[in-house]
Amino acid sequence: MTRPMMQAMRYHEFGAADVMRLEEVPRPEPQAGEVLVRVVAAGVLPADWKLRKGLFPMPVRFPVIPGTAFAGIVEETAPGVTDFRPGQAVFGRSPNGTYAEFAAVPAEAIAAKPPGIGFEEAAAVSGGATTAWRAIMDGEVKPGDRVLIHGAAGGVGLFAVQFAKWKGAHVVGTAGPANLDFIRSLGADAAVDYTAEPFENAAQDVDFVLDTIGGKTLERSWTVVKRGGALITITGRPPIEKGLETGVRIIKPSLASGDDLAAIAGLLEQGIVRAIVQRSYPLGEARLAQEQSESGHGRGRIVLRISEA
């Protein structure tokens, strides 16, 4: 029996954004423990274009369907899946590629989409919100802590600001001049224009630093986090040796679970946290979407619109 076909963005070699092509490929079949999801929207994450450029030291099997973050509707379930049903709106992450009309997704990596948020907003959660959630949870942020978040307007930073404020922390966020009011609207107690003043002026004796920038920003952060405080960087290898020298706990965030997604969904539904979509593109313009993501400018997440809800 011939398998149904679908449209998917794929690339057959590493390279610039133009290696991606919209192709007709067989629709995936969910294996045990998976659900087949009709993808309505897919998040465009920095990891997507970094993988495409061959920047990750990991084996890649070509051709590749990019993307992990998505929101969509369950099309069918494989044996062993009892928590989800066809027709149910869900969101989460898939290791099998989401720049496509359909994706096979492990059931433990998804959660029911809150009815109060749209599919594009839900697609902006995985990757950004889940990374921020694990950082704040693993960093054990608590009421009264002083928290410094670098890149507070980005896809991870904007959620980290909101989660830290929900935890009762005093939050200092860094951003460009165009995004200062934006991060204040998310709850940041202090917004630092990194182009105009050193963040060290606004942040001292910090209990927790979340670095989403790396480089010199990370290097300078050692001077503001207090002994016994914690630091998480998502830009590369955790600087464990430096942490031992300075008495700072270096934490590698754990992977998010379906339970984490459900917890985040609850905060979204209550209006405590909001997802921000910077811009959306149709599937056929995934190259432009990745190029915008690679530029590093803007606020919030970029998403692909793939089908109608």
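Hydrogens, waters and symmetry mates play no part in the numbers below; they use all other heavy atoms, side chains included.
- Considering only heavy atoms from C-beta on, S307 stays 4.5 Å or farther from E101 through its side chain.
- With a 4.5 Å cut-off on side-chain heavy atoms, E121 and P114 do not count as touching.
- At least one donor-acceptor pair under 3.5 Å links the side chain of K113 to the backbone N or O of I117.
- Of all heavy-atom pairs spanning R184 and D181, the tightest one is NH1-OD1, 2.7 Å.
- Side-chain contact check for M5 versus P26: some heavy-atom pair is nearer than 4.5 Å.
- Atom CD of E241 has more than 12 heavy atoms from other residues, nucleotides or ligands within 6.0 Å.
- A distance-only check finds a donor-acceptor pair linking the side chain of T174 to the backbone of G151 [under 3.5 Å].
- Side-chain N or O atoms of S293 include none that pairs as donor or acceptor with a backbone N or O of A289 at under 3.5 Å.
- Under the 4.5 Å side-chain heavy-atom criterion for grouping Ile, Leu, Val, Met, Phe, Trp and Tyr, I232 is not connected to I240 through any hydrophobic cluster.
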Query raised in the report: Can you check side chain to side chain contact (heavy atoms under 4.5 Å, CB included) on E34 and N96, steps first, answer last?
Result: CA-CA 11 Å; E34 293 184 334; N96 302 317; 3.7 Å; yes
Query raised in the report: When you look at L231 and L218, which way does the side chain to side chain contact (heavy atoms under 4.5 Å, CB included) test go after all the steps?
Result: CA-CA 10 Å; L231 181 147; L218 173 59; 3.9 Å; yes
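- Within a 6.0 Å sphere centred on CG of D259, heavy atoms belonging to other residues, nucleotides or ligands number 12 at most.
- Of all heavy-atom pairs spanning I250 and G243, the tightest one is CG1-CA, 3.7 Å.
- Rounding to the nearest 0.5 Å places OG1 of T223 at 4.5 Å from CD of E200.
- Atom OG1 of T195 sits about 8.0 Å away from atom CG of L180, to the nearest 0.5 Å.
- Linking Ile, Leu, Val, Met, Phe, Trp and Tyr whenever their side-chain heavy atoms come within less than 4.5 Å leaves F91 and I302 in two separate clusters.
- Minimum interatomic distance between A135 and F208 (heavy atoms only, all atoms of both residues): O-CZ, 3.6 Å.
- The side chain to side chain contact (heavy atoms under 4.5 Å, CB included) test applied to L22 returns Q7, M9, L283, not counting sequence neighbours.
- The cluster map of Ile, Leu, Val, Met, Phe, Trp and Tyr, joined by side-chain heavy atoms under 4.5 Å apart, puts M20 and I306 in the same cluster.
- Here the side chain of Q31 pairs no donor or acceptor atom with the backbone of A78 at under 3.5 angstrom.
- From N179, atom CG reaches atom CG of L186 across 9.5 Å, with rounding to the nearest 0.5 Å.
- Pairs engaging residues 104-147 under the ring pair (Phe, Tyr, Trp, His ring centres under 6.0 Å) rule: W133-F163, W133-W166 [sequence neighbours left out].
- Side chain of R52 to backbone of V19: no donor-acceptor contact under 3.5 angstrom is found.
- In this structure, the side chains of Y281 and Q292 come closer than 4.5 Å at one or more pairs of heavy atoms.
- For the atom pair E120 CD and R301 CZ, the distance stands at 14.0 Å (nearest 0.5 Å).
- Residues S280 and R305 bring a donor and an acceptor atom of their side chains to less than 3.5 Å of each other.
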Query raised in the report: What's the verdict on side chain to side chain contact (heavy atoms under 4.5 Å, CB included) for T212 and T131, showing C-alpha distance, side-chain angles and the deciding distance?
Result: CA-CA 11 Å; T212 70; T131 299; over 6 Å; no
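- Between E285 and E291 there is no side-chain heavy-atom pair separated by less than 4.5 Å.
- Side chain of K50 to main chain of G54: no donor-acceptor pair is present (N/O by atom type, distance under 3.5 Å, no hydrogens or angles).
- Using a distance-only test at 3.5 Å, with no hydrogens or angles considered, no donor-acceptor pair links the side chain of T235 to the main chain of I213.
- Proximity of L304 to V44: side-chain heavy atoms (C-beta onward) are separated by under 4.5 Å at one or more points.
- A donor-acceptor distance shorter than 3.5 angstrom exists from the side chain of T246 to the backbone of K242, with no hydrogens or angles considered.
- Smallest separation of non-hydrogen atoms from G33 and V81: C-CG2, 3.6 Å.
- Closest approach of V277 and V303 over heavy atoms only: CG1-CG2, 3.9 Å.
- Inter-residue side-chain proximity for D260 and R134 is flagged as met; some heavy-atom pair is nearer than 4.5 Å.
- A continuous path of hydrophobic side-chain contacts links Y11 to V39 [ILVMFWY only; heavy atoms under 4.5 Å].
- In this structure, P115 and E269 have side chains that are in contact, with non-hydrogen atoms separated by less than 4.5 Å.
- Within a 6.0 Å sphere centred on CZ of R220, heavy atoms belonging to other residues, nucleotides or ligands number more than 12.
- Counting heavy atoms of neighbouring residues, nucleotides and ligands inside a 6.0 Å radius, atom CZ of F84 exceeds 12 of them.
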Report task. Give the intermediate values and the outcome of side chain to side chain contact (heavy atoms under 4.5 Å, CB included) for residues L267 and Q162. Result -> CA-CA 10 Å; L267 295 178; Q162 296 178 85; over 6 Å; no
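- Checking side-chain atoms of T77 against main-chain N and O of R85 turns up no donor-acceptor pair under 3.5 Å.
- Ion pairing between a basic and an acidic side chain is recognised when a charged N comes within 4.0 Å of a carboxylate O; D138 and K252 show no such pairing.
- Under a 3.5 Å cut-off, the side chain of Q270 and the backbone N or O of G266 do form a donor-acceptor pair.
- Among residue pairs with one or both ends in residues 23-54, none qualify as ring pair (Phe, Tyr, Trp, His ring centres under 6.0 Å); sequence neighbours excluded.
- Remark: D205 engages K226 in a side chain to side chain contact (heavy atoms under 4.5 Å, CB included) (not counting sequence neighbours).
- Applying the side chain to side chain contact (heavy atoms under 4.5 Å, CB included) rule to V60 yields the partners F14, L51, F62, V64; only residues at least two apart in sequence or on another chain are considered.
- Here E140 contributes atom CD and I251 contributes atom CD1; the two are 6.5 Å apart, rounded to the nearest 0.5 Å.
- In terms of heavy-atom proximity, T130 sits nearest to A256 at CB-CB, 3.6 Å.
- Under the side chain to side chain contact (heavy atoms under 4.5 Å, CB included) criterion, A202 pairs with V172, V192, sequence neighbours left out.
- Note that CD1 of I136 is 12.0 Å distant from NZ of K165, once rounded to the nearest 0.5 Å.
- By the rule that hydrophobic residues join a cluster once side-chain heavy atoms approach within less than 4.5 Å of another member, I149 and V209 end up as members of separate clusters.
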